[in-house]
Trainee: 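If you scroll down you'll find the structure; I have some questions about it.
Small disclaimer: the values here were computed from a predicted structure and weren't measured.
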Amino acid sequence: MKTDQEKRQAIATLFRVADYARIAHHIDGRIRIKVSRDAKQGLADVELEPLTQQLPGLKHHRLNSKTGSIVIEYDHAIIPATLWEKIIISPEEDRPGLTEELLTIWKQHS
């Protein structure tokens, strides 16, 4: 079981990815995000596999480094589509509230 600090770190990593991302396509249960060219350098130390295994509701991800896109399959009953959109476009000042929302989801589904 993850500690609160480990959960917060995983969520912070999710926000780091979001800093370089925009939504390219989104339907309930599947989101495709495009990452900027700057992402390769800014996210060099981020490993997506552990992140998708840690966060509740994430089923699978697929990275296409040639096109700069990440497809994430998720359980929309656990993480609503609107929450994904908030995560991707959230300004820094909204992130503490989103972190708490994600922690609540984590507690309900662990």
Trainee: Out of curiosity, Phe15 CZ to Ile88 CD1, how far, rounded to the nearest 0.5 Å?
Mentor: 9.5 Å
Trainee: Can you name the residues that form a side-chain contact (heavy atoms from CB on, under 4.5 Å) with Pro96, not counting sequence neighbours?
Mentor: none
Trainee: Does Glu73 come within less than 4.0 Å of Arg32, counting only side-chain N to carboxylate O?
Mentor: no
Trainee: So which heavy atom on Thr67 is nearest to which on Lys34, and how close?
Mentor: O-NZ, 2.7 Å
Trainee: If you take all heavy atoms of Asp28 and Ala81, which pair is closest and at what distance?
Mentor: OD1-CB, 3.2 Å
Trainee: Can you tell me how far apart NE2 (His26) and CD1 (Ile31) are? Round to the nearest 0.5 Å.
Mentor: 4.0 Å
Trainee: If you measure from CG on Leu102 to CG on Leu14, what distance do you get to the nearest 0.5 Å?
Mentor: 7.0 Å
Trainee: Which distance, rounded to the nearest 0.5 Å, do you find between the CZ of Arg62 and the CD1 of Ile72?
Mentor: 11.0 Å
Trainee: Assess the residue pair Ile78 and Leu58 against the criterion (side-chain contact (heavy atoms from CB on, under 4.5 Å)); give the C-alpha distance rounded to whole Å, side-chain angles, the decisive distance to 0.1 Å, and a yes or no.
Mentor: CA-CA 9 Å; Ile78 296 174; Leu58 297 186; over 6 Å; no
Trainee: Would you kindly confirm whether Trp84 and Val71 end up in one hydrophobic cluster when ILVMFWY residues are joined by side chain heavy atoms under 4.5 Å apart?
Mentor: no
Trainee: Of all heavy-atom pairs between His109 and Pro56, which one has the smallest distance, and what is that distance?
Mentor: CB-CB, 4.1 Å
Trainee: How long is the straight-line distance from OG1 of Thr13 back to CD of Gln9, given to the nearest 0.5 Å?
Mentor: 4.5 Å
Trainee: Write down the atom of Leu98, the atom of Ser90, and the distance for their closest heavy-atom approach.
Mentor: CD1-CB, 3.4 Å
Trainee: Under the rule for salt bridge (Lys or Arg N to Asp or Glu O under 4.0 Å), what residues qualify as partners of Glu92, not counting sequence neighbours?
Mentor: Arg95
Trainee: Specify the closest pair of heavy atoms between Ile33 and Ala21, including all atoms of both residues, with the distance to one decimal.
Mentor: CD1-CB, 3.9 Å
Trainee: For Lys86 and Asp94, what are the C-alpha separation, side-chain angles and deciding distance, and is it a side-chain contact (heavy atoms from CB on, under 4.5 Å)?
Mentor: CA-CA 9 Å; Lys86 289 179 190 174; Asp94 291 350; over 6 Å; no
Trainee: Under the side-chain contact (heavy atoms from CB on, under 4.5 Å) criterion, do Leu55 and Ile79 qualify, and how do the steps go?
Mentor: CA-CA 10 Å; Leu55 295 169; Ile79 303 175; 5.6 Å; no
Trainee: Quick check for you: to the nearest 0.5 Å, what is the distance between Leu103 atom CG and Arg8 atom CZ?
Mentor: 5.0 Å
